[in-house]
Amino acid sequence: MKKFFITTPIYYVNDVPHLGHLYTTLAGDILARHYRLTGREVYFLTGTDEHGSKIAEAAEKHNQSPQAFVDNISEQFKQVWQKYDITFDRFIRTTEEEHVKVVQQFLTDLQARGYIYKGEYSGLYCRGCEEYKKTSDLVDGLCPVHQRAPESLAEPAYFFKLSAFADQISSLIDSRQLEIQPESRRNEVLSFLSSGLEDVAISRQNVEWGIPLPWDQSHTIYVWIDALINYYTAGLKVDCWPADWHLMSKDILRFHCVIWPAMLLALELDLPKSIFIHGYFTVDGQKMSKSLGNVVNPLEMLQKYDRDVIRVFLFKSFPFGADGDFSWELLDRFYNGQLANELGNLVQRVLVMADKYCDGIVPKGGGSVLSELTLDFVQNTRKDIEKLAFGDALNHIFSLIQLANRHIDNIKLWDKSNEQAFINQGIAELIELIRHLSIALLPIMPDTAHKIAHSLNFDLKNSYTKDEYETIIRWGNYLEGRKIVVPEVLFPRRGES
Ligand code: MSP
C-alpha cells in the first residue's frame with residue numbers, strides 16, 4: 001500500500017515562522033501521527049519556499065546574499081518544528097539541487113507537450129503575494145493583503161496554457177475525484193472556474209533569484225510554479241503519490257486548486273486526492289502584522305507553555321475549517337479549565353486511588369460500565385481525525401474525561417463502607433479508560449500521552465501495525481497486575497494572568 005502522503009505549504013523564508021505556519025504544520029503532524037498509530041505508513045512533507053523577488057528583497061534589507069539569508073531562516077523553521085516535535089519525514093528546500101533539476105525537467109516536459117508559449121505580460125504584480133493581480137483584486141489601489149500598491153510589469157514572459165484546463169478541473173472537483181474541503185471553499189473554486197481561466201505567466205525576466213528556465217536562461221521560473229513542484233520533487237522517489245491531503249489556508253487556495261491540478265493534468269500525473277483549506281488566524285481581532293507588533297511567535301509560546309498545551313489548545317478551541325481569533329487570555333483560561341481541572345485531575349485522581357486502595361497494582365476484575373462509552377468515543381475520535389475535524393475529535397475526548405470525572409464522583413470509591421471487590425472493579429475500569437485515553441491523545445498531545453502511559457506501565461508506541469493497533473484498542477483489563485506510578489501533577493494550575 002502506498003504511503004499516506006500529507007503536505008503543508010512550503011513557507012516563505014522572508015521572515016521567521018509565526019502562529020499561522022505553526023498551525024498548519026501541527027495539523028499535518030496530528031494527521032501523520034494518527035496514521036502511524038493506526039497502522040499506515042506515512043510520508044509527511046514540509047519545507048521552505050526560497051526563491052523570488054520578495055525573498056531577494058528581504059535578503060538585501062539584511063545586507064546578506066540571498067543564499068546566506070535563506071539558509072539561516074530555513075534552519076530556523078526547521079528548529080522551531082523540532083522544538084514542537086513535528087514528525088516530518090522530509091523537509092524540502094526549493095534551493096536544493098535536486099529540486100532545481102526536477103523543476104527544470106517539469107518545465108521542459110510541459111514545453112515539449114505544447115503547453116508553453118512566449119508572450120508579453122503587461123499588468124500588475126504584488127511582490128508580497130508573489131502573485132499577478134487584476135485591478136479588480138485591489139482595494140483603493142492597494143493589495144488588500146499587503147496594503148501596498150502592486151508593481152506594474154510589462155515584460156516578455158513564457159505562459160502556461162492554463163485556460164485549456166478549466167472544464168476538466170471543474171468536472172474532477174464536481175465528481176469529487178479532487179476533493180476540496182470545507183464545502184464553502186469547494187464552491188468558491190467551482191464558481192471561480194465557471195467563468196473560465198486565463199493563461200498564466202510562468203517566467204520572470206527581471207528576477208534573478210530563481211531557477212533559470214532551461215531553454216531561455218534570460219528568464220527565471222515564476223516562484224509559484226517552482227514552489228508547487230516541491231510536492232512532486234519530494235514525492236517522486238517515495239511510494240506515496242498522489243498526495244492524500246494538501247493542507248493550507250485560503251490565501252493560497254487558487255494556486256493549489258487550479259494551477260497545480262492543471263500542471264499535473266498537462267503531464268498526465270495523478271492529482272491530489274484532497275485539499276483542506278483551514279481557517280485564518282487573527283490576534284485579538286486584528287490581522288497579524290509586523291507593523292502592529294502582534295505577530296505570535298511559536299518560540300515565545302513555548303516560553304509560556306509546554307508544546308502539548310499549545311497543540312491541544314489550537315485544535316480544541318478553533319474548528320479546523322473556520323477562522324480563529326487567538327488571544328493569550330483564551331490560552332490561559334483553556335489551560336486551567338480543560339487541562340488542569342479536567343484532564344490532569346482525572347489522571348491524578350485515578351492513579352492516587354489505585355495507589356492508595358490497591359497498593360499501586362492494577363487489580364483483577366474490571367467492570368464494563370464505561371467500556372461501551374469509551375470505545376464509542378475512541379471510534380468517533382478516530383473518524384473525526386480522519387475527516388480533519390480535529391475540534392470534534394477533541395470534544396469527544398473531553399466529554400469522555402468529564403464523564404469519567406463524574407463517574408468517580410458517583411461511585412465514591414473513598415467511602416469507608418465499600419467492599420474491596422467493588423473498589424477493585426472501579427479502579428481496574430478507570431485504569432483501562434485512562435489507557436484508552438492515552439492512545440486517543442497520542443496524535444494531538446504526544447508528550448502527555450506518553451507520560452500517562454508511563455505511569456500506567458503501558459508500553460505506548462508511536463507506530464503500530466494495523467493488527468497491533470486493533471489489539472491495543474480492545475477493551476479488557478489490559479494492565480492487570482502491573483505496578484502503576486503516581487505521576488507528578490500533569491498540568492499544575494496557574495494564576496490567571
Ligand atoms: N510559499 C507559499 C506557499 C507555497 S506552497 C507550494 C506561501 N508561504 S507562506 O509562508 O505565506 O505560508 C502561507 C501558509 O501559512 C498559509 O496557507 C497557511 O497554511 C499558513 N498561514 C500563514 N498565515 C496564517 C494565518 N494567519 N492563519 C492560519 N494559517 C496561516 O504562501
Would you please classify the geometry between the [Y] ring and the [X] ring as parallel, tilted or perpendicular, with 30° and 60° separating the classes?
X: Tyr11; Y: Phe77; result: parallel
X: Phe390; Y: Phe315; result: perpendicular
X: Trp215; Y: Tyr158; result: perpendicular
X: His18; Y: His21; result: parallel

Do [X] and [Y] come close enough that some side-chain heavy atom pair is under 4.5 Å?
X: Ser399; Y: Phe377; result: yes
X: Leu267; Y: Met263; result: no
X: Ser463; Y: Leu37; result: no
X: Phe44; Y: Tyr35; result: no
X: Ile401; Y: Phe398; result: yes
X: Leu269; Y: Phe106; result: yes
X: Gln205; Y: Thr220; result: no
X: Asp251; Y: Val145; result: no

Handout entry: Tyr115 vs Phe165, ring pair (Phe, Tyr, Trp, His ring centres under 6.0 Å): CA-CA, chis, key distance, verdict
Key = CA-CA 11 Å; Tyr115 288 114; Phe165 296 96; 5.3 Å; yes
Mark yes or no for whether [X], through its side chain, and [Y], through its backbone, hold a donor-acceptor pair below 3.5 Å.
X: Asp89; Y: Leu45; answer: no
X: Ser171; Y: Gln168; answer: yes
X: Asp323; Y: Gly279; answer: no
X: Lys161; Y: Gly114; answer: yes
X: His62; Y: Ala58; answer: yes
X: Gln147; Y: Pro144; answer: yes
X: Arg40; Y: Lys466; answer: no
X: Asp308; Y: Thr448; answer: yes
X: Thr94; Y: Glu50; answer: yes
X: Asn297; Y: Leu299; answer: yes

For the ring pair [X] and [Y], is the centre-to-centre distance below 6.0 Å?
X: Phe281; Y: Phe318; value: yes
X: Phe276; Y: Phe320; value: yes
X: Trp260; Y: Tyr231; value: yes
X: Tyr222; Y: Phe160; value: no

Practice task
Under the side chain to side chain donor-acceptor pair (under 3.5 Å) rule, what do Asp376 and His396 come out as? Steps first, then yes or no, please.
Solution key: CA-CA 9 Å; Asp376 256 13; His396 289 304; over 6 Å; no
Handout entry: Modelled atom types, side-chain donor and acceptor of Gln177 and Ser175, under 3.5 Å
Key =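 Present: a donor and an acceptor within the cut-off.
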Practice task
Establish, from distance only, whether the side-chain atoms of Asn206 and Glu155 form a donor-acceptor pair under 3.5 Å.
Solution key: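 Their side chains do contain a donor-acceptor pair, which is all the 3.5 Å distance test asks for.
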Just wondering, more than 12 heavy atoms not from [X] lying within 6.0 Å of its [atom1]?
X: Gln111; atom1: CD; result: yes
X: Glu198; atom1: CD; result: no
X: Glu60; atom1: CD; result: no
X: Glu208; atom1: CD; result: no

Quick check for you: to the nearest 0.5 Å, what is the distance between [X] atom [atom1] and [Y] atom [atom2]?
X: Cys257; Y: Ile259; atom1: SG; atom2: CD1; value: 11.0 Å
X: Phe4; Y: Lys273; atom1: CZ; atom2: NZ; value: 7.5 Å
X: Arg311; Y: Asp29; atom1: CZ; atom2: CG; value: 4.5 Å
X: Ile439; Y: Ile473; atom1: CD1; atom2: CD1; value: 7.5 Å
X: Ile73; Y: Asp15; atom1: CD1; atom2: CG; value: 6.0 Å
X: Ile86; Y: Arg307; atom1: CD1; atom2: CZ; value: 9.0 Å

Practice task
Among Trp209, Trp224, Phe69, find the residue that satisfies the ring-ring contact (aromatic ring centres under 6.0 Å, His included) test when tested with His51.
Solution key: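 One option only clears the test, and that one is Trp209.
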Salt bridge or not between [X] and [Y]? Use side-chain N to carboxylate O under 4.0 Å.
X: Arg90; Y: Glu98; result: yes
X: Asp137; Y: Lys134; result: no
X: Lys3; Y: Asp244; result: no
X: Lys54; Y: Asp49; result: no
X: Glu300; Y: Lys304; result: no
X: Glu188; Y: Lys250; result: no
X: Lys78; Y: Glu75; result: no
X: Glu386; Y: Lys383; result: no
X: Arg186; Y: Glu183; result: yes

Practice task
Report yes or no: is the cationic atom of Arg204 (NZ for Lys, CZ for Arg) under 6.0 Å from the centre of the six-membered ring of Tyr125, at an angle within 45° of the ring normal?
Solution key: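 Relative to the ring axis of Tyr125, which defines the angle, Arg204 lies inside both limits.
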